[in-house]
Amino acid sequence: MFGTETYIERRRRLQADVKSGLILLLGNDESPMNYPDNPYRFRQDSTFGYFFGLDFSGLAGVIDIDEQRECVFGNDVTVDEIIWMGPQPALKEKCGEIGVKNSAAFDKLGGILKDALEKGRTIHILPQYRGDTILKIAGLLEIPVARIGDFVSEALTKAVVAQRSVKSEEEIREIEAALDIAYEMQTTAMKLAKPGVYEREVAGAMEGIALSRGGRLSFPTIFSVHGETLHNHYHGNLMKAGDIAVNDSGAETAMGYASDITRTIPISGKFSQRQKEIYSIVFDAQRKALEAVAPGVEFRNVHRLAGKILVSGLKDLGLVKGDIDEAVDAGVHTLFFQCGLGHMMGLDVHDMEGLGEDYVGYTDTIKRNPEFGWRSLRLGKALEPGYVITVEPGIYFIPELIERWRAENKCAQFIDYNAVEEYKDFGGVRIEDDVLVTESGRRELGKPIPRTIDEVEQACNNQ
Ligand code: GLY
Ligand code: MN
C-alpha cells in the first residue's frame, strides 16, 4: 500500500471532480473456482484499490460528497473464520491506514443507499464487469439488474479515468518493479525455449517467477510458436528447430501494478534469414513509434506511422506494392497488423478497460475508427505526461485471413498474393515495451530487455 496521504488526496480530487451526490465503489468478492471454499486467488477491483487501498474481499466504499463523509462497509472476521483464516486486522484499523474515519458492517450499506434514494440524491456507480458485483449492487439498491445502467455515472467514470490515466512517481516505481519481474520472465524464457521443450514448460517457469517475486501474472501468458494468433493461450506445442515463439507476458506487483512485454524468440537460438527480415521490419516500426511518443501526439497517428513502416518493409520484401500512403489509406497494413499499436497500462494491464475503452482511449472529437484493424486500437487520443502506454507493433501471417482477402481480391493493387502465400507458414513477430510519456517526450520503463536480433540470440544462447 502507498502512504495514507495518497489515498486521502485521490479521494479528495475525485470529490472535487464529481462535485455532488454519493459515490459507491464496490470492492471485489472471492470468486469460486469449483465450489465456494476453493476460490481463485483474490484480485481486488483496481478502482476500489486505487481510492481505498485495501486488498480484502467483501468491501464497499462510499464517498458522500454533499455530507463530506467517507465510510468503508465490510464485516470483521468472526472467531469461526479466524480458525480457518488466521487473525485479521479489524476494519476500523484498516480504515485508519487509508485515512477513512468511518467504517460500518456491510449490512448497514443498503439503508444508507435507500435513504439517499428517498431523498432524491444521485448515487454514482461505475460500469461493472463481474456478475456477482452486479447482483450485489442490484440487491443494495433494490432494483432489477436491468436497471443498473441508470446508476452508471459518466461524471464518475470520466473523473476516475482522468485521475488513473496520469501516473504518479510512486506508481511509476511500482510499474518498474513489475517490469523487473518481466525482465526475469523474458530472459528466462529465452534460455529455456529450445527444440524438444513444450511451450507449457516455459510458460510455467515464467508464472513461477511472477509468483515467487510476490506478484502474479498481469494476464494469462501468451507464449506460442503460433504467434500469428494474437492472443494464443494454448501452451501444448512441442517446440522445434526453426520455430519462433511470441512471448507476450508480464507480471503485476502485490499492489496490482502491471507490466506487459513481448519478445519473439528463435527456438534454435538463431533467426533464419527470412525471420530476420520480418523481425527487422517490426523492430524498425517499434523504434520509430517509440521515438514518436510525446505529449500532444495523437496515438492514432503513431499507430499509422507504425503501419506505414510495416508496409514499407513488406514492400522491400516484395509482398506489398504501390504507394505506401495510399496502401495504408486502403488498410493494406491490416492484413499483417490486425490489432492496435498499444494501450494504457497501470493497475490493469489494459488500464481501466472495464470502465469502457472509449472513455480511456478516445474523446468526443477523436473517435474510434470502425474499420477492420483500426477498430482494435484501444488508444487513439493525444498523449499526456504521466500516461504509461505500451508500444507493440507486429507482423502476423494468418492463413485464414490471407485466404479470405485473396478470395475477395481485396487491395489486390497493393498486395502480391503469390509472394504473401509463401509466408503462410511463417507465424508472427511482435515486440512490445512499456513507456512513460514525459513533459519532454518519453522514457522507456524498466531495465532494457534483449531486443535487437543480436541481443535476443545472445540471450537465447546464454545458459
Ligand atoms: N499483452 C496482451 C495485450 O496487450 O493484449
Ligand atoms: Mn500489450
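Predicted model only: the values in this text are computed from it and were never measured. In each ligand, atom 1 is the first atom listed, and ligand 1 is the first ligand listed. Counting begins at 1 with the first residue of the sequence.
Among protein heavy atoms, the minimum distance from atom 3 (C) of ligand 1 is reached at His350 NE2, 3.1 Å. Atom 2 (C) of ligand 1 has Asp248 OD2, 3.4 Å as its closest protein atom, hydrogens excluded (heavy atom only).
Protein atoms that are N, O or S and lie under 2.8 Å from the Mn ion (ligand 2) are these: Asp260 OD2, His343 NE2, Glu392 OE2, Glu432 OE2.
Annotation: cation-pi pair Lys381/Tyr362 absent, no NZ/CZ under 6.0 Å from the ring centroid and within 45° of its normal. The cationic atom of Arg11 (NZ for Lys, CZ for Arg) does not lie both less than 6.0 Å from the six-membered ring centre of Tyr50 and within 45° of the ring axis. With Tyr359 as the aromatic partner, Lys158 does not meet the cation-pi criteria of under 6.0 angstrom to the ring centre and within 45 degrees of the ring axis.
If you number the atoms of ligand 1 from 1 as listed, the ones under 4.0 Å from a heavy atom of Phe219 come out as 1 (N), 2 (C). Heavy-atom proximity to Glu392, at under 4.0 Å, picks out these atoms of ligand 1: 4 (O).
A tilted orientation is assigned to the rings of Phe426 and Tyr423, their planes being inclined by 30° to 60°.
With 3.5 Å as the limit, one finds a donor-acceptor pair spanning the side chains of Glu432 and Thr262.
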After noting the C-alpha distance and the side-chain angles of His343 and Asp260, does the key distance pass the side chain to side chain donor-acceptor pair (under 3.5 Å) rule?
CA-CA 10 Å; His343 50 85; Asp260 183 8; 3.0 Å; yes
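Looking only at distances, a side-chain donor or acceptor of Asp351 sits under 3.5 Å from a matching main-chain atom of Leu347.
For Asp29, the side-chain contact (heavy atoms from CB on, under 4.5 Å) test picks out Asp132, Lys136, with sequence neighbours left out.
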